[in-house]
Participant: 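Just dropping this structure here.
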Amino acid sequence: MTHEIYLDANATTAVLPAAMVAAQHAMAALYGNPSSSHSTGLVAKAMMESVRTRAARLLGAGQGDSAGRLLFVSGATEGIQTAVLSALVALRERRARGEAVGNLLLYGATDHKAVPESLAHWNDVLALGFEVHALPVGQDGRHDLDVLRALAPQAAMVCTMAANNETGVVSDIAGIERVLVEAQSRALWLVDCVQALGKLPLNLAATRIDYAPFSGHKLYAPKGIGLLYVRADSPFTPLMAGGGQEGGQRSGTENMAGIAALGAVLAALDEGHTFRTMAQLKGYRDSLVARLKQAFPAIVFNTPLDHALPTTINFSVPGLPSQTVLNLFDAGGIRVSSGSACSAAKAEPSFVLVAMNLPEWQTTSAVRLSFGPLVDDAFVAAACAAIDRCAEAARSSGLLTHQPTSHEAPDTDAPTMDGSPAPEMSPPDLQSFFTRHPTALLIDVRETYEHAAAEPWAVYGHVARNVPLSQLATMGQSILADRERALVLFCRSGNRSRKAAQWLLQAGHKRVWHVAGGLALAGPSGH
Ligand code: PLP
């Protein structure tokens, strides 16, 4: 059985076992509404406030007069909305008072889309007419501080990130702060700290940062819980009005299970026994980098390793488009991504690498491999072995020598076809189908290198044969010569097998099915 090597921690992580326990305890025992004044509510509220206190300490949110706010929100996207709305409303008031307010809303060119999209959205909704302007980065992925210095007098708001989700590049936050201070800028400053949590030291109140959003699911808490830090005295406007929860700053009954789980993760961070140290994480990264170099000698690293999170590696292999490597690795049990998870469905070059001005081939061949601070020796050893297996499959199937000329994913170089929907077979029906049709063929329509990287898949003794979608017209002639024979096609997601089934039906085959949802749902981890 293929063991899953999950190397996509920057997209999201599994939930820490202690966080699951804490969430369950919150649901079973601390179910009170933290706004209720009876004892059941008070107990729930005490848990919530203890998590807030711990978070405030860990993030350096300040004490006494300098204590910033720390709100529980649904995630970074909500935190970013709240920060942007707060800043823009304050800028509108400054303008109304006749104060000089710059005309630029600056954001880092490699910022997560949530930032520029929120700026554009609230600028439109509030009809403020600011110019949303990208602050360029250099080839090392760091903000161009000379451009920031030049634009600072016009900046009404500045948004930057602490660490980049695609490359792991750690921003020069102290340098940005120096530029803003020297320019005597009054710009409101948002720093997206999503990828920094648990990986970089934070002491927010000691900085000039006004807003800092966090997302729990990037560090072993569940999806749907996050934090927003707002500096003491920085402008604030609630995004959600209603029952007045969170001191009237974020209405809606709090996500108590999420807060409890986040609390367990923060406790683990605080106590220091659960997560690996930075030095250990660097050691793991070095092992993975060494193994990748050995497996793909022509590899180029897009992450400048000397100022990046030790948990993120971004690389390109000449001649291998991102999707090809993703498909190869996925077949071999390694889950990686080509960029941020939100844009994974689009086969476009990484805008982050484009902003870093890297050669086009690197931007279309980029692969991100990311892990979290829970990794251990056994995981890294298994990952290295899986990388070797994938590279061997790539070599044995000619992928590294006969380089594809197109940057298109094999998924899309299908024979053309129109129309008739292919009959689907749902994974639970496979076994009984093959019992009833012992001569049926099980066909893997993934590319040869994927088939080679994968553990052989068999249903009820029928071992899958490989006829790649891209070679259906040629290779299919021999293996699929008998048009009466029942065929069951599969791929990873059901996309390519659907296309292949349609094509075969049009070519005159009578009994063709494809596995709905693909191996992802039918394979070992799908059931
Ligand atoms: N900012 C960064 C740097 C991220 O990596 C992400 C997650 O993809 C977000 C913001 C948005 O986080 P969420 O989707 O949890 O709201």
Side-chain angles (χ1 to χ4, degrees), residues 6-15 19 59 71-85 107-122 134-135 137 141-143 158-171 173 176 189-200 202 209 211-229 239-240 250 252 255 258-259 261-262 265 303 308-309 311-314 335-346 350-353 355-356 366 368-373:
Y6 184 78
L7 280 168
D8 202 13
N10 289 8
T12 197
T13 54
V15 176
L59 305 178
L71 304 181
F72 290 114
V73 292
S74 61
T77 303
E78 186 191 327
I80 292 165
Q81 306 306 303
T82 310
V84 168
L85 176 68
Y107 67 95
T110 60
D111 272 354
H112 189 276
K113 287 289 175 208
V115 170
E117 292 297 323
S118 302
L119 290 172
H121 178 69
W122 292 106
L135 175 65
V137 297
R142 290 185 145 187
H143 302 90
V158 175
C159 301
T160 54
M161 65 200 319
N164 184 270
N165 47 305
E166 287 194 28
T167 58
V169 166
V170 175
S171 300
I173 292 294
I176 295 169
W189 186 21
L190 176 151
V191 178
D192 175 344
C193 289
V194 169
Q195 298 292 346
L197 186 64
K199 301 169 203 162
L200 291 176
L202 291 164
I209 296 169
Y211 308 101
F214 297 87
S215 220
H217 72 102
K218 307 289 184 176
L219 193 76
Y220 307 110
K223 290 141 196 78
I225 186 67
L227 286 164
L228 174 66
Y229 161 82
L239 176 69
M240 314 229 277
R250 197 274 189 185
N255 171 1
I259 291 170
L262 178 62
V265 171
T303 295
L309 296 175
T311 48
T312 305
I313 301 170
N314 193 308
R335 314 291 183 237
V336 293
S337 84
S338 60
S340 70
C342 346
S343 54
K346 307 170 204 150
S350 149
F351 78 88
V352 170
L353 300 189
M356 287 164 70
R368 174 185 74 185
L369 187 155
S370 55
F371 51 92

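Numbers here simply count residues along the sequence, with the first being 1. Just follow the structure's listing: the first ligand is 1, and inside any ligand the first atom is 1. None of the values given here were measured: they were computed from a predicted structure.
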Participant: Quick check for you: to the nearest 0.5 Å, what is the distance between Leu219 atom CG and Leu262 atom CG?
Facilitator: 8.5 Å
Participant: Can you spot which of Asn314, Asp8, Thr303 makes a side-chain hydrogen bond (donor to acceptor under 3.5 Å, both in side chains) with Arg368?
Facilitator: Asp8
Participant: Identify, with sequence neighbours excluded, every residue that meets salt bridge (Lys or Arg N to Asp or Glu O under 4.0 Å) alongside Glu117.
Facilitator: none
Participant: Looking only at N/O atoms, are Ser215 and ligand 1 under 3.5 Å apart anywhere?
Facilitator: yes
Participant: Identify which of Thr77, Ile80, Val194, Val73 has a heavy atom lying nearest to atom 13 (P) of ligand 1.
Facilitator: Thr77
Participant: Please check whether Glu78 reaches ligand 1 - meaning an N/O of the residue sits under 3.5 Å from an N/O of the ligand, judged on distance alone.
Facilitator: no
Participant: Number the atoms of ligand 1 from 1 as they appear, then name those within less than 4.0 Å of a heavy atom of Met161, with their elements.
Facilitator: 3 (C)
Participant: Mind checking side-chain hydrogen bond (donor to acceptor under 3.5 Å, both in side chains) for Asp111 and listing every partner two or more places apart, or none if nothing turns up?
Facilitator: none
Participant: How many angstroms lie between CG in Leu190 and CG in Leu119, if you round to the nearest 0.5 Å?
Facilitator: 8.0 Å
Participant: Hey, does Lys218 sit under 4.0 Å from ligand 1 if you only count heavy atoms?
Facilitator: yes
